[in-house]
A.B. asks: 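This is the structure, below, for whatever I ask next.
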Amino acid sequence: MEEKKNSEELQNKPKNFIYEIIDGDMETGKFGNKVHTRFPPEPNGYLHIGHAASICLNYGIARDYNGKFNLRFDDTNPEKEEVEYVESIIEDVKWLGGNFEDRIFYASDYFDKMYNWAVELIKNGKAYVDDLSADEIRAYRGTLTEPGKESPSRNRPAEENLSLFEKMKNGEFKNGEKVLRAKIDMTSPNLNLRDPIMYRIVHAEHHRQGNKWCIYPTYDWAHGLEDSIEGITHSICTLEFENHRPLYDWFLNELGVYHPQQIEFARINLNYTVMSKRKLLKLVQEKYVDGWDDPRMPTVSALRRRGYTPEAIRNFTDNSGIAKRDKVSEYALLEFSIREDLNKHANRVMAVLHPLKVVITNYPGTVEELDAVNNPEDPSAGTRKIPFSKEIFVEQSDFMENPPKGYHRLVPGGEVRLRYAYIIKCEEVIKNENGEVTELRCSYDAETRSGTGTSNKKVKGTIHWVSAAHAVEAEVRLYDRLFTAESPDSDKEKDFLEFINPNSLELIPKAYLEPSLKNAKPGERFQFERNGYFCVDTKYTTKDKLVFNRTVTLKDSWGKKAN
RNA sequence: UGCCCCGUGGUGUAAUUGGCAACACGUCUGACUCUGGAUCAGAAGACUCCAGGUUCGAGCCCUGGCGGGGCAGCCA
């Protein structure tokens with residue numbers, strides 16, 4: 001991520017409400033003019049574009065205010081968490097440019113401290129061990145409109161609570177037999193304050209703590225403590241925690257410890273996809289996609305594999321904005337962000353995805369090396385040579401026997417320019433027994449070679465091509481959106497799986513690429529001229545087989561008009 | 001039905017804190033172009049959810065509605 005913005009730039013940047021809050025805190029010196037943020041994922045899945053927004057926000061704030069940014073795993077639920085997720089999250093945060101330096105923390109490392117604080121609350125009569133079952137607790141909690149009632153265990157003496165709590169810790173009870181609850185107010189209109197649970201018994205192996213613990217802190221109890229321990233100033237979370245803030249504050253106040261400020265903002269949603277980890281997990285487990293990093297997924301690892309750059313994702317999240325109202329960003333904005341980046345940085349090459357053979361009948365049986373510009377947006381990218389010969393492949397869609405009005409590619413008897421080569425004329429159309437076009441016989445005009453300036457001829461279209469004898473073969477995967485509905489998970493009747501796009505992947509086993517691509521490296525990005533941006537797949541590319549993923553198409557004003 | 005949050009072009013944000021509603025994406029024109037890309041020029045699109053009130057003046061403040069979202073896990 002770019003270096004710390006200078007103060008003038010920071011002044012002029014339109015500020016979201018969080019920056020305004022922080023500006024206010026800087027003025028009053030609330031946190032001693034320090035800013036310290038964190039990104040606190042639970043390692044129970046891969047990061048998605050929404051998490052990327054949170055990382056960019058939190059890291060960006062730390063950077064802009066010359067503060068610090070922590071990565072902290074909120075690993076308080078051993079039943080759902082795995083090291084695989086921890087590892088992928090670390091990789092993704094780094095890749096996005098979220099620089100946590102050496103500050104990578106785990107909530108589970110704070111369990112001893114949390115336990116002691118719980119003991120303190122018990123001693124102060126602010127927490128108690130409850131014998132009620134999960135069902136009973138729910139019943140006692142009341143409803144949205146009716147107050148709850150107090151558990152019979154609520155007024156147990158502190159001594160008894162202490163010994164019971166210790167027994168909980170020592171594994172003397174089964175799952176669900178006891179819980180530790182905060183003693184707040186069973187009649188609060190905010191249900192989160194009706195004696196929330198602080199610890200539950202879970203006999204399960206934790207990915208870092210092993211079997212050291214069989215009681216685990218709940219989010220409400222743990223999160224503020226984690227922030228407090230790390231000296232976080234602004235604890236930024238999503239909207240659904242707004243009703244939990246009084247609880248966040250209550251625990252910290254009762255303990256009298258350092259007290260960060262929780263600020264909530266609306267998460268990013270993206271249309272034509274789903275964002276909940278549960279649904280993404282389902283897509284993976286039930287094999288609707290090929291893993292968390294399937295390029296059609298909205299995960300950071302998938303976007304990376306698809307060819308997105310960290311820069312593009314940062315721009316996308318910046319442009320998506322920060323506010324408190326629910327929002328859905330358009331897929332087009334994501335696509336814009338990557339096109340904008342790749343247009344400037346990706347070298348152009350020629351590749352034919354759906355080949356149609358063209359024989360240039362009057363071209364000699366020789367090979368010419370033609371000059372091609374690598375990136376018209378960046379002269380420093382230089383030029384390269386491309387071989388041209390008598391037999392070439394062009395794109396099937398670049399020829400039409402009966403073209404609609406406005407089509408300016410190859411038609412019978414018509415002319416087009418071959419990019420960086422000659423103008424050719426279609427003399428003959430060859431078909432198979434099914435009437436399908438299998439080959440074109442064309443003539444070329446030797447006076448029209450690109451760069452020679454000897455041609456007065458103007459043609460409307462320029463198409464790309466690859467010399468048949470020199471072509472490199474590759475598998476190419478074309479992706480479309482994973483869902484056909486803008487908001488696949490908001491239909492009241494239909495399950496989101498019913499909206500899966502059956503055509504979200506078109507696999508082209510054999511595409512023809514210009515020879516310069518022979519040694520393309522996994523992860524390398526290119527623009528296939530007129531086709532879109534592509535990158536070498538990092539998962540399936542081998543020494544003997546190149547696999548390309550289409551990152552995004554080029555904007556296509558003709559295709560749009562034609563439909 | 002209790003509590004909390006939120007309503008600004010199609011989408012997402014802004015409006016110097018009470019002063020002509022701006023920017024980006026998208027859409028549509030046109031120019032240019034050896035990528036139907038890029039670039040450039042332009043256009044359309046908003047009674048700022050509604051109704052009252054305060055004020056010379058309200059997107060912004062007040063009141064009341066309406067609409068959307070969240071909360072009744074021993075998930076986070």
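Throughout, protein chains are lettered first and strands after them, A, B, ... in sequence-line order, and every chain is numbered starting at 1.
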A.B. asks: Figure out the OH/P separation between A/Tyr533 and B/rA38, and round it to whole Å.
C.D. replies: 8 Å
A.B. asks: Hunt down the Watson-Crick or G-U wobble partner of B/rA43, both distances under 3.5 Å, from any strand shown, or write none.
C.D. replies: B/rU27
A.B. asks: If you look at every strand shown and take non-hydrogen atoms under 4.0 Å, does A/His464 touch a base, only sugar-phosphate, or nothing?
C.D. replies: nothing
A.B. asks: The test is salt bridge (charged side-chain N to carboxylate O under 4.0 Å, His left out); show your working for A/Glu368 and A/Arg449 and say whether it passes.
C.D. replies: CA-CA 11 Å; A/Glu368 250 182 294; A/Arg449 197 175 83 199; 2.9 Å; yes
A.B. asks: The side chain of A/Lys555 is closest to which nucleotide in this list: B/rG26, B/rG36, B/rU1?
C.D. replies: B/rG26
A.B. asks: Determine: side-chain N/O of A/Arg409 to OP1/OP2 of B/rG36, distance under 4.0 Å, yes or no.
C.D. replies: no
A.B. asks: Rounded to whole angstrom units, what separation is found between the CZ atom of A/Phe17 and the P atom of B/rG59?
C.D. replies: 24 Å
A.B. asks: Which word best sums up how the rings of A/Tyr115 and A/Phe165 line up, parallel for under 30°, tilted for 30 to 60°, or perpendicular for over 60°?
C.D. replies: parallel
A.B. asks: Please report the distance, rounded to the nearest Å, between CG in A/Leu333 and P in B/rU27.
C.D. replies: 12 Å
A.B. asks: Base, sugar-phosphate alone, or nothing: which one does A/Pro246 contact when heavy atoms must sit under 4.0 Å apart?
C.D. replies: nothing
A.B. asks: OP1 or OP2 of B/rG36 versus the side-chain N and O atoms of A/Lys460: is any pair under 4.0 Å?
C.D. replies: no
A.B. asks: So A/Tyr512 and A/Phe393, would you call those rings parallel, tilted or perpendicular, with 30° and 60° as cut-offs?
C.D. replies: parallel
A.B. asks: Would you kindly check whether a donor in the side chain of A/Glu377 faces an acceptor in the base of B/rG37, or vice versa, at under 3.5 angstrom?
C.D. replies: yes
A.B. asks: B/rA22 pairs with which nucleotide, Watson-Crick or G-U wobble, both distances below 3.5 Å?
C.D. replies: B/rU13
A.B. asks: What does B/rG67 pair with, Watson-Crick or G-U, if both distances are under 3.5 Å?
C.D. replies: B/rC6
A.B. asks: Tell me the interatomic distance from A/Asn319, atom CG, to B/rA14, atom C1', rounded to whole angstroms.
C.D. replies: 13 Å
A.B. asks: Taking protein heavy atoms under 4.0 Å as touching, what does nucleotides 69-76 of chain B look like 5' to 3' if B marks base contact, S marks sugar-phosphate-only contact and - marks none?
C.D. replies: SBBBSBSB
A.B. asks: Given atom CZ of A/Arg339 and atom P of B/rU35, what is their separation to the nearest angstrom?
C.D. replies: 18 Å
A.B. asks: Closest to the A/Glu330 side chain: B/rG37, B/rU13, B/rU11?
C.D. replies: B/rU11
A.B. asks: Heavy atoms under 4.0 Å, any strand shown: does A/Tyr420 hit a base, just sugar-phosphate, or nothing?
C.D. replies: base
A.B. asks: Which value, rounded to the nearest 0.5 Å, describes the distance between A/Glu311 atom CD and A/Ile338 atom CD1?
C.D. replies: 9.5 Å
A.B. asks: Name the nucleic acid region contacted by A/Gly406, choosing base, sugar-phosphate or nothing; use a 4.0 angstrom heavy-atom cut-off, strictly under.
C.D. replies: base
A.B. asks: Nearest whole angstrom, please: distance from the C1' of B/rG37 to the CG of A/Asn375.
C.D. replies: 11 Å
